[in-house]
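Scroll down for the structure; my scribbles are underneath it.
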Number of protein chains: 2
Amino acid sequence: MRVRLEDVARAANVSPKTVSRVLNDEANVTDATRQRVRAAMEAMDYRPHPSARSLAGNRSFLVAMLYDNNDNPASTYLAEIQDGVLEACDAHRYSMMVRPLRMRGGDFIRRFDALISDHHPDGVVLTPPITDYAPLLKRLRESNVPYASVSPQRRGKVIGVTMDEQRAARAIVEHLLGLGHRRIAHVIGIADHGASRWRLAGYREAMAAAGLPEDPAMVVQGAFTFGSGVEAARQLFSLAERPTAVFAANDDMATGVMWAAGEYGLKVPHDLSVCGFDDTPLSRQLWPALTTIQQPSREMGKIAAEQLLGALRGHGAGQLVQVPFVLQIRGSTAAVP
Amino acid sequence: MRVRLEDVARAANVSPKTVSRVLNDEANVTDATRQRVRAAMEAMDYRPHPSARSLAGNRSFLVAMLYDNNDNPASTYLAEIQDGVLEACDAHRYSMMVRPLRMRGGDFIRRFDALISDHHPDGVVLTPPITDYAPLLKRLRESNVPYASVSPQRRGKVIGVTMDEQRAARAIVEHLLGLGHRRIAHVIGIADHGASRWRLAGYREAMAAAGLPEDPAMVVQGAFTFGSGVEAARQLFSLAERPTAVFAANDDMATGVMWAAGEYGLKVPHDLSVCGFDDTPLSRQLWPALTTIQQPSREMGKIAAEQLLGALRGHGAGQLVQVPFVLQIRGSTAAVP
DNA sequence: GGCAGAAATGACAGCGCTGTCAATTTGCTC
DNA sequence: GAGCAAATTGACAGCGCTGTCATTTCTGCC
């Protein structure tokens, strides 16, 4: 009923071991043999049994994607990364499992250990903000589990993928400056996330480069949520000297800012320019549509997984790939009145 | 290094097969033996090797969660279901994999077959809208793969979980009626989704029960997105006789309606009551917070998975469980002026 | 053509469990 | 306490692959 490796071997007139070699792209098989075996596999629609491979070969062909489900970033961001990781895993015939890992709460490491001993993933993909949680990284190294990170803060010899968020933030603030804005506010994301730090740094860099002294009142803490954007904006709009533009550290907060602008009777972009970061689907649905930074999350998930898989399969060590951003200029920003 | 079943057997002074029986909760083991074995497992922190179990036992301990990534519903909804499914799988020591399955495009069935022959899931969880895609259901039955559905439209002998969405929709419209509203509009979701149909049916039922004739202008097509809510609302607000309340088929569209209300200078809830459906995190962050129906998505994912797992483990056939909804009355609805 | 060394191929055991079925023990009945 | 059925336990093979190492075949070179 099921086609086994042995059946393919018989059909191709080679030993099972040779079929195994072809299956695993090992060396020391002549092209002629390789092709004969490949043809037989194809003809018989052979599908290796993952458990058998895993048991005999002592590897699981499994990649686990870890995320924090306390402080999780916008779930659409994670969903996109997940999609990308999945795509890469599929292409390499690996399977993927997702693991929420509550960082608060002490049994974090125990749960991680359970993941390893229960499922034996060959490698792990880390997503923000757990890319930089030191105890986890330590444990990963101790257990000798290879991993790749999406947007890690520390850039040591980590493999994975990043975007130059600081430069992107700077670019978007420069866009506002170019429109004549001077009183530009910034709404920060959750404090210890790399994303928040880089975006703030980019804002400061652009302002400083334009020779504008930092006004503390113009920088307000948010928490990456719509609601926190509303709050932050209300704070800004109650100021004697309101900003003429607000750069929020993500689109959800930017949407909140636009919402609050409505409350205060400020028309976007006529009275206030607003921009965000991430280019979530939401940003295009708003009216006016949001000027933002397109971060290719799906692609980033894919790249991180590819770096990991490459390293797993011994194709070099894997790198920290930097992907380009795109400044999406849309209707929510305009020249200062 | 790794603790194997054989080691546990030796420690408990029984045969490996007996340990296996305890591991799998099989019958015909005396309580004394069972406890001795359990104690040994505990003491040695024994973790069965999933691949070995799977290979020998001809089952994968794997549940696949299928979703459509074309027309996907709000990604937060899927993320919550995924979380619930994962929780149930973890509790039963099953693993879970997620599979996007593009319904448009002809190779749908082929991709499904590949999933089965590559990964051999013991069962499958179906999420809207693919709970009712006939070719898939047919193939699932042919391949003899057990499945459970989240909010299926057809209620035959399907197992899984539902919520009485029609009654919930009726309840929310009755809430509006109770506040004195008569011109109540409805924004429909994507046409062929069960969710859209039930919510529309509940709306009609409530209106009819209140003796109000249906006004076609009050029922507008949307597509479950924020943007479609904005569009629909603009259409409603341009009417000579505006609605005093809008019931949108989900929270994203309701948010869009509130947005558009701002554009038209309508204050919510003073000039317009708005309500949604789903109780997404967004709905609490809005100002005013949204009156909506709390649909326990996470819980529903968990229940669907539990029904599936129960059936897989032979604890009866599994049922179609109906979960209760909660009408969350918040600031976005008020008495008609 | 003969030889050493490299490349290609194969034989075989075994990964860690569970299915099957046989052996043993237990609990009952008379 | 013998006799029998039911419950419990165990022996053993084998799930479908891959690691190890032995064997065969090919290469280049004198």
Side-chain angles (χ1 to χ4, degrees), chain A residues 1-38 40-41 44-62 93-95 117-120 122 312-314, chain B residues 1-38 40-41 44-62 93-95 117-120 122 312-314:
Chain A
M1 112 135 219
R2 180 187 181 84
V3 179
R4 287 155 309 146
L5 181 138
E6 192 195 337
D7 305 321
V8 176
R10 205 177 350 254
N13 198 31
V14 292
S15 74
K17 178 67 215 189
T18 297
V19 179
S20 166
R21 273 190 271 257
V22 173
L23 185 62
N24 294 289
D25 282 324
E26 285 173 27
N28 297 334
V29 181
T30 54
D31 278 351
T33 309
R34 200 179 290 274
Q35 290 194 3
R36 193 150 36 94
V37 172
R38 287 242 170 82
M41 284 177 168
M44 307 173 82
D45 191 29
Y46 169 67
R47 308 285 185 152
H49 193 299
S51 301
R53 287 227 287 171
S54 157
L55 183 59
N58 197 32
R59 32 195 275 188
S60 59
F61 298 95
L62 210 205
R93 305 194 140 257
Y94 269 66
S95 32
S117 51
D118 282 343
H119 302 282
H120 307 278
D122 288 341
L312 289 180
R313 313 176 106 207
Chain B
M1 116 132 217
R2 179 189 181 83
V3 180
R4 287 156 310 145
L5 181 138
E6 192 194 337
D7 305 320
V8 176
R10 207 178 346 258
N13 197 31
V14 293
S15 74
K17 178 66 216 190
T18 298
V19 179
S20 166
R21 274 191 271 256
V22 173
L23 185 63
N24 293 290
D25 282 325
E26 284 173 27
N28 297 334
V29 182
T30 53
D31 278 351
T33 310
R34 200 180 291 273
Q35 290 194 4
R36 194 149 35 92
V37 173
R38 286 242 169 82
M41 284 178 168
M44 308 174 80
D45 191 30
Y46 168 66
R47 308 284 187 153
H49 194 300
S51 301
R53 289 230 282 173
S54 157
L55 183 59
N58 197 31
R59 32 196 277 190
S60 59
F61 297 94
L62 210 207
R93 305 193 140 258
Y94 268 66
S95 31
S117 50
D118 282 343
H119 301 281
H120 307 279
D122 288 341
L312 288 181
R313 312 175 106 206

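Basis for what follows: all heavy atoms, side chains included, without hydrogens, waters or symmetry-related copies. Lettering of chains follows the sequences in order, A, B, ..., and the numbering in each one begins at 1.
For residues 13-24 of chain B, proximity to DNA chain D is found at B/Val14, B/Ser15, B/Lys17, B/Thr18, B/Arg21, defined as any non-hydrogen atom under 4.0 angstrom from a strand atom.
At whole-Å resolution of the value, NE2 in B/His49 and P in D/dC15 are 19 Å apart. In this structure, A/Leu5 places its CG atom 6 Å from P of D/dT18, rounding to the nearest Å. As rounded to whole Å, 10 Å separates atom C1' of D/dG16 from atom NE2 of B/His120. For the pair A/Phe61 CZ and D/dC17 C1', the interatomic distance rounds to 10 Å; values are reported in whole Å. Following rounding to the nearest Å, A/Asn58 (CG) and C/dC17 (C1') show an atom-to-atom distance of 15 Å. Between A/Met44 atom CE and D/dG16 atom P the separation is 14 Å, expressed in whole Å. We find that CG of B/Leu55 is positioned 12 Å from C1' of D/dT18, with the value rounded to whole Å. Atom C1' of nucleotide C/dA7 and atom CZ of A/Arg34 are separated by 13 Å, given to the nearest angstrom.
Residue B/Tyr46 places none of its side-chain N or O atoms closer than 4.0 Å to OP1 or OP2 of C/dG16. Distances shorter than 4.0 Å separate none of the side-chain N or O atoms of A/Thr30 from OP1 or OP2 on C/dA7. Between B/Arg4 and the phosphate of C/dC17, there is no side-chain N or O to OP1/OP2 separation shorter than 4.0 Å.
Of the candidate nucleotides C/dC17, C/dA8, D/dA7, C/dA8 has the atom lying nearest to any side-chain atom of A/Asn28. For B/Ala56, counting side-chain heavy atoms from C-beta on, the closest listed nucleotide (C/dG14, D/dT8, C/dC17) is C/dC17.
Judged by a 6.0 Å distance limit and a 45° cone about the ring axis, B/Arg93 is not positioned over the six-membered ring of B/Phe61.
Judged by distance alone, the side chains of A/Arg2 and B/His120 do bring a donor and an acceptor atom under 3.5 Å apart.
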Open item on the list: Would A/Arg38 and A/Asp25 count as a salt bridge (charged side-chain N to carboxylate O under 4.0 Å, His left out) here? Give the steps.
Closed with: CA-CA 11 Å; A/Arg38 287 242 170 82; A/Asp25 282 324; 3.1 Å; yes

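The CG atom of A/Asp45 sits 6.5 Å away from atom OG of B/Ser117, with the distance rounded to the nearest 0.5 Å.
Among the atoms of the strands shown, only primed sugar atoms or phosphate atoms (P, OP1, OP2) are found under 4.0 Å from some heavy atom of A/Thr33.
Comparing A/Arg36 and B/Glu26 along DNA chain C, the residue whose closest nucleotide (by nearest heavy atom) sits nearer the 5' end is A/Arg36.
With a 6.0 Å radius and a threshold of 12 heavy atoms from other residues, nucleotides or ligands, A/Asn24 has its CG atom above the threshold.
In this structure, A/Tyr46 has no ring-ring contact (aromatic ring centres under 6.0 Å, His included) partners at least two apart in sequence or on a different chain.
Looking at A/Ser60, its side chain never comes within 3.5 Å of a backbone N or O of A/Ser54 through a donor-acceptor pair.
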